[in-house]
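The structure appears right after this line, and notes come after that.
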Amino acid sequence: MGSLDIPGVEDPDETGLSAPVCRTVTPEGDVLLLVPGDSAAARAASHAQDDDLPAVMEITDVAPVSVPHRIRGRAWVAGWLTPVRNEQRARAAMLLAERHPVGELLGIGEALAPEPAPGQYGRPAWTLLRLEVGEGAVDDLWGAESFEPEEFAGAVPDPLVAHEAELLQHLHAAHAEQVRGLCALLGERGEVCGLREDAVPVGLDRFGLRVRFTDGAHRTFDARFDFPEPVRDVVELRRAMHVLFEAAAS
């Protein structure tokens, strides 16, 4: 979930400015945003012309399963916002469509419509914007840390990111007992074993599984279960999960 803030620009309808329809990152480390053509963000970027328009993108990471305190972390990316123009629009739209298969339904096709000539009436239904990253920060359970544009550009998406939501929901719905059984690996904290509805998988990446447990006093805590080695795909994930479940059952 992402929101865009432009200092000095208000969005009275709380639509386009606060919630880009979709976004992605270019190989150069810029953030591409698809926004409604009549949104406050699109208007501000077009009026800025060649001037750099400062903006901050806030990204909230929300657990895809129903648990208390679902926010897992936040990230802020600050930089300069400009419209994607001319021959760059096709490349940007193709990149968005590649990473968002429903892109045509979201207006990527309309974003490629010819731009109105200067002074011509009307706005495109959708607008592509580029956020050139100047700095950023992440705040999650592992702490708060800033990062440089070069680090942002060089970051590689986790191989499970596209499947995490459905995998966590599947674990919660179909393997609840096995997930609950992982509490046997917690040592002294394993006293939560046997309680009802006390274990919910809330995070999954190539390094391991994160589970939220509830103890007898209805207090919650998160536990991390690392895989023997990082997984590269869903096939390796199945093997790693099998190893975890076997270790808990032994």
Between Asp222 and Arg224, does any NZ, NE, NH1 or NH2 come within less than 4.0 Å of an OD or OE carboxylate oxygen?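 No, this pair does not count.
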Please examine the side chains of [Y] and [X], heavy atoms only from C-beta on, and report whether any two atoms are closer than 4.5 Å.
| X | Y | answer |
| --- | --- | --- |
| Thr82 | Leu129 | no |
| Arg74 | Asp140 | no |
| Gln88 | Arg130 | yes |
| Val31 | Leu33 | yes |
| Val84 | Leu32 | yes |
| Asp30 | Leu131 | no |
| Glu148 | Val133 | no |

Tell me whether [X] at atom [atom1] has more than 12 heavy atoms from other residues, nucleotides or ligands lying less than 6.0 Å away.
| X | atom1 | value |
| --- | --- | --- |
| Arg232 | CZ | no |
| Gln169 | CD | yes |
| Glu145 | CD | no |

If every non-hydrogen atom of [X] is compared with every non-hydrogen atom of [Y], which pair is closest and at what distance?
| X | Y | result |
| --- | --- | --- |
| Ala92 | Leu128 | CB-CD1, 4.2 Å |
| Arg91 | Pro27 | NH2-CD, 4.0 Å |
| Pro54 | Ile6 | O-CG2, 3.6 Å |
| Pro201 | Val65 | O-CG2, 3.2 Å |
| Ala55 | Pro7 | CA-CD, 4.3 Å |

Give the ring-plane orientation class for Phe213 versus Phe225, where under 30° counts as parallel, over 60° as perpendicular and anything between as tilted.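 Rings of Phe213 and Phe225: perpendicular, as their planes differ by over 60°.
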Anything under 30° is parallel, anything over 60° is perpendicular, the rest tilted; go ahead and classify His170 against His175. perpendicular
Go through the steps for Thr220 and Thr214 under the test side chain to side chain contact (heavy atoms under 4.5 Å, CB included), then give the verdict. CA-CA 4 Å; Thr220 61; Thr214 303; 3.6 Å; yes
Donor-acceptor contact below 3.5 Å, side chain [X] vs main chain [Y]:
| X | Y | answer |
| --- | --- | --- |
| Arg212 | His69 | yes |
| Asp158 | Arg206 | yes |
| Arg72 | Val202 | yes |
| Arg70 | Ala63 | yes |
| Glu164 | Leu204 | yes |
| Ser46 | Ala42 | yes |
| Arg43 | Asp38 | yes |

Show your reasoning for whether side chain to side chain contact (heavy atoms under 4.5 Å, CB included) applies to Leu160 and Val231. CA-CA 9 Å; Leu160 301 181; Val231 301; 4.0 Å; yes
Roughly how far, to the nearest 0.5 Å, is [atom2] of [Y] from [atom1] of [X]?
| X | Y | atom1 | atom2 | answer |
| --- | --- | --- | --- | --- |
| Leu182 | Glu177 | CG | CD | 11.5 Å |
| Leu34 | Thr127 | CG | OG1 | 8.0 Å |
| Asp205 | Leu237 | CG | CG | 10.0 Å |
| Glu135 | Phe147 | CD | CZ | 9.0 Å |

Hydrophobic cluster of Trp76, others only, ordered by chain and residue number, side-chain cut-off 4.5 Å: Val56
Side-chain heavy atoms nearer than 4.5 Å, only ILVMFWY residues, links allowed to pass through others: does that put [X] and [Y] together?
| X | Y | value |
| --- | --- | --- |
| Leu167 | Phe207 | no |
| Val161 | Val234 | no |
| Leu209 | Phe221 | yes |
| Trp80 | Val25 | no |

Would you mind writing out the side-chain donor-acceptor pairs for residues 239-250 within the sub-3.5 Å range, not counting sequence neighbours?
from: His242; atom 1: NE2; to: Glu246; atom 2: OE2; distance (Å): 3.2
from: Ser250; atom 1: OG; to: Ala247; atom 2: O; distance (Å): 2.9

